[in-house]
There are 2 protein chains.
Amino acid sequence: MDLGSDLRAKGKRLTVQRRLVLEAVQRARHHVTADEVAKRVRGEAGQIDPSTVYRNLEALEELGYVTHTHLGSRVTRWHRADMHQHAHLVCRSCGAEDEVPVSVFTGLARRLRTSHGFRADLAHSAVEGICRRCAVVQS
Amino acid sequence: MDLGSDLRAKGKRLTVQRRLVLEAVQRARHHVTADEVAKRVRGEAGQIDPSTVYRNLEALEELGYVTHTHLGSRVTRWHRADMHQHAHLVCRSCGAEDEVPVSVFTGLARRLRTSHGFRADLAHSAVEGICRRCAVVQS
DNA sequence: CTCACTATTGCTATGACTTGCGATAACCGA
DNA sequence: TCGGTTATCGCAAGTCATAGCAATAGTGAG
Ligand SMILES: [Mn+2]
Ligand SMILES: [Mn+2]
Ligand SMILES: [Zn+2]
Ligand SMILES: [Zn+2]
């Protein structure tokens, strides 16, 4: 299915801004912030309002074209939904980011599923903690 | 040790605002937002600036008097540090919150510790996902 | 008790969103 | 192709949290 049909099937519309926002996320190699998406769109086409970017990212997420994750800072990161999944470890002390495969979480995910009926998305928010290097220094 | 000595031992000072913020968190039965702390302080004493509340919560956290966690809505919740630990499950669809004992996470925590040297604080951010009831409805 | 030092306060500004609203433009049916 | 319906847009205003700065007030020394 193409974007236009997908959108209209949900009573939504394919606007130029929406298409540009999706293309900006898809062209990005890694996760991007909403502000970076806006800058990319402005470089490609004309002006676009920040609120339009936010609303379109949300709409595209509902359709399953993009997703977002939360890393340590207060900014949300967006990326195409078909990218390989991985979780993040963020050090509370030095801010270092590390990636781990989602397979590390499958055990816990299954446990939450069976004991609470809860389908957890454990890669959605970064795991905070103390990294190896900072642990050594502090002790 | 009392609050004043604890603070001065770290080169910090015991101000009226700081004491009021701590008392507000301690009197609360559950976790409270910074804004709720501000309201409580204003009810008890006079005016207090939001930024002062935020800075004092942070200072009291460094001393180990309070902690914070992140629930679904991106709002930070504060509570006294000596409360019993538990993690949160938040449903992405209906917003329902559920509590689970931290013991559910010890296996994963140990694994991250041995394989990455990372001391994870898995109860710090709520786990997002789909709750049992919403999973049934959607399928 | 008095005073100098400086941590902390209140206020203002900035950042990252979020929301309400009137104007615009997709979309669909005739 | 045209016109009405209404999703979406841009803009203004509001929220939560953080940061810079001058005025204020804990603190410890004398
Ligand atoms: Mn999220
Ligand atoms: Mn946090
Ligand atoms: Zn670190
Ligand atoms: Zn639910």
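Per chain, numbering begins at 1; letters A, B, ... match sequence-line order. All heavy atoms count here, side chains included; hydrogens, waters and symmetry mates do not.
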**Asked** So which pairs with a foot in residues 121-131 of chain B pass salt bridge (Lys or Arg N to Asp or Glu O under 4.0 Å), sequence neighbours left out?
**Response** A/Arg92-B/Asp121, B/Arg92-B/Glu128

**All pairs passing salt bridge (Lys or Arg N to Asp or Glu O under 4.0 Å) where residues 37-46 of chain B contributes a residue, at least two apart** = B/Arg27-B/Glu44, B/Asp35-B/Lys39

Look up atom [atom1] in [X] and atom [atom2] in [Y], then write down how far apart they are to the nearest 0.5 Å.
| X | Y | atom1 | atom2 | value |
| --- | --- | --- | --- | --- |
| B/Leu108 | A/Leu122 | CG | CG | 7.5 Å |
| B/Glu97 | B/Leu71 | CD | CG | 4.5 Å |
| A/Arg119 | A/Leu112 | CZ | CG | 12.0 Å |

**Message:** I need the residues from residues 28-58 of chain A with at least one non-hydrogen atom less than 4.0 Å from DNA chain C; give them sorted by number, or say none.
**Reply:** A/Ser51, A/Tyr54, A/Arg55

**Prompt:** Counting only non-hydrogen atoms, which of residues 9-19 of chain A are less than 4.0 Å from DNA chain C?
**Reply:** A/Arg13, A/Leu14

**Request:** Could you state whether B/Leu63 and B/Tyr54 fall into the same hydrophobic cluster, counting links through intermediate Ile, Leu, Val, Met, Phe, Trp or Tyr residues with side-chain heavy atoms under 4.5 angstrom apart?
**Result:** no

**Asked** Is A/Glu36 reaching over with its side chain to a backbone N or O of A/Thr33, donor-acceptor style, under 3.5 angstrom?
**Response** yes

Provide, to the nearest angstrom, the distance between the [atom1] atom belonging to [X] and the [atom2] atom belonging to [N].
| X | N | atom1 | atom2 | answer |
| --- | --- | --- | --- | --- |
| B/Arg8 | C/dT8 | CZ | C1' | 15 Å |
| A/Leu60 | D/dT8 | CG | C1' | 13 Å |
| A/Leu7 | D/dT6 | CG | P | 19 Å |
| B/His70 | C/dA16 | NE2 | P | 17 Å |
| A/Asp6 | C/dA26 | CG | P | 19 Å |

**Prompt:** Does A/Arg74 put a side-chain nitrogen or oxygen below 4.0 Å from OP1 or OP2 of C/dC17?
**Reply:** no

**Request:** Would you work out how much the helix from C/dC1-D/dG30 to C/dA30-D/dT1 bends between its ends, with each end axis defined by five base pairs, to 10 degrees?
**Result:** 20°

**Fill in**
Across all chains, not counting sequence neighbours, the ring-ring contact (aromatic ring centres under 6.0 Å, His included) partners of B/His116 are none

**Message:** Tell me whether the rings of B/His88 and B/His31 are parallel (<30°), tilted (30 to 60°) or perpendicular (>60°).
**Reply:** tilted

**Asked** Parallel, tilted or perpendicular: which describes the rings of B/Trp78 and B/His68, with under 30° parallel and over 60° perpendicular?
**Response** tilted

**Asked** With ring centroids as reference points, do B/His70 and B/His124 lie under 6.0 angstrom apart?
**Response** yes

